[in-house]
Amino acid sequence: QYTAAFDPRIVGLTGSVDDIAAAAKGYRVYFKKVGDGDNYLMDHTTIIYVMDPDYRFVGVVQADLAPDAMKDKMRSLMSGQS
C-alpha cells in the first residue's frame, strides 16, 4: 500500500524482520526503524535499484540526483548503456 501511493509499478519488500534483514544484507543496504507506535519512520539507504521486467538487476540510480540527471541515467540504463 505504501509504495503504491508513489507509483503502482514500485514493488515493496515486506516480511519478517529476519527476512528483511537478510534481503538488506544481500543488497548491501541499511535500514533502521526510528520511533515507536503507528507513526514511526524508517531511516534507509536512498539508492534506487533498477530492475528489468523480468526482475533482473540493471543498475542503480542515486535518489538525490537532479531530475534531468536522473532522467539521463534512467534512459542510459534502459538502453543498456549504463
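A pairwise comparison of heavy atoms in A63 and T46 identifies CB-O, 2.7 Å as the closest pair. Closest non-hydrogen pair, K33 versus Y40, comes out as CE-CG, 3.5 Å. Shown here for D43 and V34, the closest heavy-atom pair between the two residues is CB-CG2, 4.1 Å.
Among the candidates K71, M78, K73, the single residue satisfying the side-chain contact (heavy atoms from CB on, under 4.5 Å) test with R75 is K71.
L65 and V58 fall within a single hydrophobic cluster, where Ile, Leu, Val, Met, Phe, Trp and Tyr are joined by side-chain heavy atoms under 4.5 Å apart, directly or via other members. Residues V61 and I10 do not share a hydrophobic cluster, clusters being chains of Ile/Leu/Val/Met/Phe/Trp/Tyr side chains in contact below 4.5 Å. Transitive grouping of hydrophobic side chains (ILVMFWY, heavy atoms separated by less than 4.5 Å) brings Y27 and V60 into a common cluster.
The distance from atom CD1 of I48 to atom CE of M74, rounded to the nearest 0.5 Å, is 7.5 Å. Interatomic distance, OH of Y30 versus CD1 of I47, reported as 14.0 Å (0.5 Å rounding). In this structure, CZ on F31 lies 12.5 Å from NZ on K25, to the nearest 0.5 angstrom. We find the CG-CG distance between D52 and L77 to be 11.5 Å, quoted to the nearest 0.5 Å.
Counting heavy atoms of neighbouring residues, nucleotides and ligands inside a 6.0 Å radius, atom CZ of F57 exceeds 12 of them. Other residues, nucleotides and ligands place more than 12 heavy atoms under 6.0 Å from the CG atom of D64. Few gaps surround CG on D54; more than 12 heavy atoms of other groups in view lie less than 6.0 Å from it.
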Go through the steps for M42 and K32 under the test side-chain contact (heavy atoms from CB on, under 4.5 Å), then give the verdict.
CA-CA 6 Å; M42 292 300 292; K32 179 180 177 184; over 6 Å; no

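At a threshold of 4.5 Å between non-hydrogen side-chain atoms, the residues H44 and V29 do not count as touching.
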